[in-house]
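Take a look at the structure below.
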Amino acid sequence: MNISNIPQIKHIESGNFFVLAGPCAIEGEEMAMKIAEKLVGITDKLQIPYVFKGSFKKANRSRIDSFSGIGDEKALKILRKVSETFQIPTITDIHTNEDAAMAAQYVDVLQIPAFLVRQTDLVVAAAKTGKTVNLKKGQFMSPESMKHAVQKVLDCQNENVMVTDRGTMFGYQDMIVDFRGIPTMQNYATTVLDVTHSLQQPNQTTGVTGGRPDMIETIAKAGIAVGVDGIFIETHFDPANAKSDGANMLHLDYFEGLMTRLTAIRKTINSF
């Protein structure tokens with residue numbers, strides 16, 4: 001796909017990678033606006049095409065008492081406000097067929113979670129909205145198998161599709177990134193590397209996912225070096241107290257430094 005098809009996306013002429021970034025979940029309007037303002041300033045400064053990310057609902061929690069959201073419509077309205085305030089596109093994940101039409105009224109990109117990417121009805125429902133669809137590669141799937149998920153979107157006469165690698169299961173409680181998968185999936189669609197989810201440590205006995213945020217820069221640099229089209233990073237100004245996935249998020253204070261270094265790597269790669 002051509003990322004210029006995403007409404008309001010900026011800096012596409014820069015030759016830079018694009019970024020999907022924001023909090024794991026929308027916890028409230030104030031936090032979403034604070035994070036968005038910071039990220040918009042950084043990506044404008046570095047000429048990085050940017051899409052604000054925030055889940056309006058977290059339906060795939062390990063425990064029933066885990067935070068799942070502040071209310072569907074309330075969270076979606078916050079995503080719309082972020083878009084209108086900063087004139088940027090937004091992305092959120094959906095979990096049911098009904099979510100697709102509802103979320104499409106508020107955001108520009110619909111994301112299919114990794115656990116659900118083989119659910120044909122869900123992928124088709126997202127594709128039929130006409131919105132750009134981001135397909136997360138299942139932790140249990142090979143890069144080659146993602147061509148079939150992409151084809152489902154294309155068969156709905158929607159060419160605005162991208163795929164995101166978020167790591168592959170390595171044993172029961174760890175993830176690993178196989179960077180060979182990036183050029184493979186680029187044969188099928190625009191390809192993104194989800195840096196922070198690739199560093200999750202799932203299936204902990206506590207029912208709360210762990211992570212390795214100390215490795216975010218390592219994975220991100222490697223992704224840019226092999227030519228990935230976009231980077232996905234969850235970030236928060238207080239990861240330790242974030243209501244979802246705080247264990248593997250990047251602290252907002254570190255975002256500009258990381259993007260500066262990644263931009264320098266991409267510039268070098270583009271010079272070859």
Calculate, to the nearest 0.5 Å, the distance between atoms [atom1] and [atom2] belonging to [X] and [Y] respectively.
X      : Y      : atom1 : atom2 : result
Asp229 : Ile3   : CG    : CD1   : 8.5 Å
Ile42  : Glu37  : CD1   : CD    : 11.0 Å
Ile233 : Leu252 : CD1   : CG    : 11.5 Å
Leu154 : Lys147 : CG    : NZ    : 13.5 Å
Arg118 : Leu135 : CZ    : CG    : 13.5 Å
Ile216 : Leu199 : CD1   : CG    : 6.5 Å

Using modelled atom types only, decide if a donor and an acceptor are shared between the side chain of [X] and the backbone of [Y] within a distance under 3.5 Å.
X      : Y      : value
Asp155 : Lys152 : no
Arg261 : Gly257 : yes
Asp165 : Leu193 : no
Thr129 : Ala125 : no
Thr85  : Ser83  : no
Arg80  : Gln105 : yes
His251 : Phe237 : yes
Glu217 : Asp214 : no

Taking atom [atom1] of [X] as the centre, does the number of heavy atoms from other residues, nucleotides or ligands within less than 6.0 Å exceed 12?
X      : atom1 : value
Gln151 : CD    : yes
Glu159 : CD    : no
Gln8   : CD    : yes

With side chain to side chain contact (heavy atoms under 4.5 Å, CB included) as the test, would you mind laying out the steps for Met1 and Val153 before giving the verdict? CA-CA 12 Å; Met1 64 167 285; Val153 179; over 6 Å; no

Do Lys136 and Asp93 sit within salt-bridge range, that is, some charged N less than 4.0 Å from a carboxylate O?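 Salt bridge: no.
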
NZ/NE/NH1/NH2 to OD/OE distance under 4.0 Å, Lys34 and Glu30: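 Glu30 and Lys34: not salt-bridged.
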
Minimum heavy-atom distance [X]-[Y], with the two atoms named:
X      : Y      : result
Thr196 : Met249 : CG2-CA, 4.3 Å
Ile94  : Ala103 : CG2-CB, 3.9 Å
Pro89  : Ile6   : CB-CG2, 3.5 Å
Ala36  : Phe86  : CB-CE1, 3.7 Å
Ile78  : Glu29  : CD1-N, 3.4 Å
Asn160 : Gly130 : ND2-O, 4.4 Å

I want to check something: taking the side chain as every heavy atom from C-beta on, are [X] and [Y] in contact at a cut-off of under 4.5 Å?
X      : Y      : answer
His95  : Pro113 : yes
Asp178 : Pro143 : no
Met162 : Leu20  : yes
Phe56  : Asp99  : yes
Arg212 : Met175 : no
Gln139 : Phe115 : yes
Phe18  : Thr190 : yes
Thr43  : Met259 : no

Between Lys58 and Cys24, is a side chain to side chain contact (heavy atoms under 4.5 Å, CB included) present by the stated rule, with each step listed? CA-CA 9 Å; Lys58 302 299 296 184; Cys24 179; 3.5 Å; yes

Before giving the answer on side chain to side chain contact (heavy atoms under 4.5 Å, CB included), spell out for Val228 and Phe17 the whole-Å C-alpha distance, their side-chain angles and the decisive distance to 0.1 Å. CA-CA 8 Å; Val228 75; Phe17 55 90; 5.8 Å; no

Between the side chains of [X] and [Y], is a donor N or O closer than 3.5 angstrom to an acceptor N or O?
X      : Y      : answer
Ser145 : Lys137 : no
Asp44  : His11  : yes
Asn134 : Thr164 : yes

In this structure, would [X] and [Y] fall into the same cluster of hydrophobic residues linked by side-chain contacts under 4.5 Å?
X      : Y      : result
Ile112 : Tyr106 : yes
Ile219 : Ile265 : yes
Ile231 : Met146 : yes
Ile70  : Met31  : yes
Met141 : Phe179 : yes

Does Lys38 make a cation-pi contact with Phe255 (under 6.0 Å, within 45 degrees of the axis)? no

Using the side-chain contact (heavy atoms from CB on, under 4.5 Å) definition, which of the options Thr92, Thr90, Val19 pairs with Phe52? Thr90

Worked verdict on Lys131 versus Val107 for side chain to side chain contact (heavy atoms under 4.5 Å, CB included): CA-CA 9 Å; Lys131 298 288 184 176; Val107 302; over 6 Å; no

